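One-based numbering, in listed order, for ligands and for the atoms of each. Note that this is a predicted model, so its numbers are computed, not measured.
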Amino acid sequence: MRSTKLGFYAAMVLVGCAIAASRYYEVDEPVWRLLTGGRKIDPATLHLKGEFVESNLGTALEPDGSVTVRLVAEQYFFVPQCVMVPAGVPVRLRITSADAVHKLLIEGTDDSAKVVPGAVTEARFQFAQPGEYQVPCKEFCGAGHYAMRSEWMVVDRNQFPNLRPEERGNCAPR
Ligand code: CUA
């Protein structure tokens with residue numbers, strides 16, 4: 001009798017572990033970093049100083065040919081609203097939130113990044129082909145959540161360096 005009970009508890013623990021192990025990406029890096037105190041960033045001063053000032057947002061071309069995309073997620077948009085990246089080149093995304101928890105998803109791919117205020121999320125993507133991607137927010141973040149989306153334009157890698165920096169950085173019409 002006792003061994004059945006023990007077996008039952010052991011099974012429960014195992015199931016619990018299995019769920020935790022398969023959902024580990026939900027307890028993700030930014031939350032972990034927030035808890036452990038690494039790489040903190042103050043949401044209140046994002047627009048005033050540091051990496052996420054507006055002039056530094058968008059796509060930056062690195063000396064090795066890779067690109068870095070810097071974004072701010074806030075209720076209820078991504079800044080900038082439209083991002084241009086080259087195909088066939090590693091893309092490093094660095095993103096933080098000015099307010100709530102958001103989650104950027106590149107539609108039609110498995111690529112996503114959860115964003116937590118107070119931390120920087122880093123993710124790496126690569127696009128095989130030029131194309132246009134809708135990039136909605138997939139974490140319920142308030143009344144405007146369902147309208148929160150941006151657009152990523154993936155262009156030919158040879159064409160990309162010829163674009164003016166302001167075109168590459170933010171392709172939203174203005
Ligand atoms: Cu941001 Cu939902």
Side-chain angles (χ1 to χ4, degrees), residues 19-60 66-87 89-155 166-174:
I19 291 172
S22 64
R23 307 286 292 182
Y24 68 92
Y25 53 86
E26 296 284 354
V27 187
D28 46 11
E29 261 209 300
V31 175
W32 181 248
R33 251 188 260 121
L34 200 67
L35 293 174
T36 54
R39 275 203 265 174
K40 278 199 178 153
I41 183 160
D42 184 358
T45 58
L46 278 184
H47 58 296
L48 298 177
K49 58 172 190 188
E51 183 181 350
F52 294 94
V53 295
E54 198 173 348
S55 58
N56 205 37
L57 298 179
T59 309
S66 70
V67 298
T68 303
V69 175
R70 289 188 180 81
L71 294 181
V72 173
E74 56 183 85
Q75 290 161 324
Y76 296 102
F77 38 88
F78 295 100
V79 188
Q81 201 96 40
C82 177
V83 169
M84 206 177 263
V85 296
V89 164
V91 174
R92 184 172 69 130
L93 170 70
R94 287 178 60 75
I95 181 168
T96 189
S97 169
D99 39 47
V101 177
H102 304 276
K103 184 177 182 178
L104 167 155
L105 171 79
I106 300 185
E107 241 169 39
T109 75
D110 292 330
D111 294 334
S112 68
K114 192 163 179 174
V115 195
V116 177
V120 178
T121 300
E122 191 163 308
R124 280 162 203 278
F125 309 142
Q126 187 156 331
F127 298 91
Q129 300 293 337
E132 285 181 34
Y133 292 84
Q134 290 298 310
V135 180
C137 177
K138 282 289 172 188
E139 180 84 28
F140 183 78
C141 54
H145 161 72
Y146 295 103
M148 179 168 173
R149 55 177 56 237
S150 62
E151 199 181 346
W152 285 40
M153 316 242 294
V154 181
V155 300
E166 61 271 26
E167 284 178 309
R168 295 184 210 137
N170 181 359
C171 45
R174 45 185 125 180

May I ask you to test the R92-S66 pair for a side-chain heavy-atom distance under 4.5 Å?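 Sidechains of S66 and R92: no contact.
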Using the test side chain to side chain contact (heavy atoms under 4.5 Å, CB included), find all partners of F140 that sit at least two apart in sequence or belong to another chain.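 Per chain and number, F140 pairs via side chain to side chain contact (heavy atoms under 4.5 Å, CB included) with H145, Y146.
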My understanding is that only residues two or more places apart in sequence, or in another chain, count here; which of them pass side chain to side chain contact (heavy atoms under 4.5 Å, CB included) with S112?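 Expected list: K103, L105.
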Quick check against the 3.5 Å criterion: does T45 have a side-chain atom that pairs as donor or acceptor with the backbone of L48?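 Not confirmed, T45 side chain does not pair with L48 backbone.
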Got a donor-acceptor contact below 3.5 angstrom from the Q81 side chain to the R149 backbone?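 The answer is yes, because a donor-acceptor pair under 3.5 Å joins these two groups.
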Are there any protein N/O/S atoms under 2.8 Å from atom 1 (Cu) of ligand 1, and if so, which?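 Correct list: H102 ND1, C137 SG, C141 SG, M148 SD.
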Test: salt bridge (Lys or Arg N to Asp or Glu O under 4.0 Å). Region: residues 70-80. Which pairs qualify, not counting sequence neighbours?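 Applying salt bridge (Lys or Arg N to Asp or Glu O under 4.0 Å) to every pair that reaches into residues 70-80, excluding sequence neighbours, yields E51-R70.
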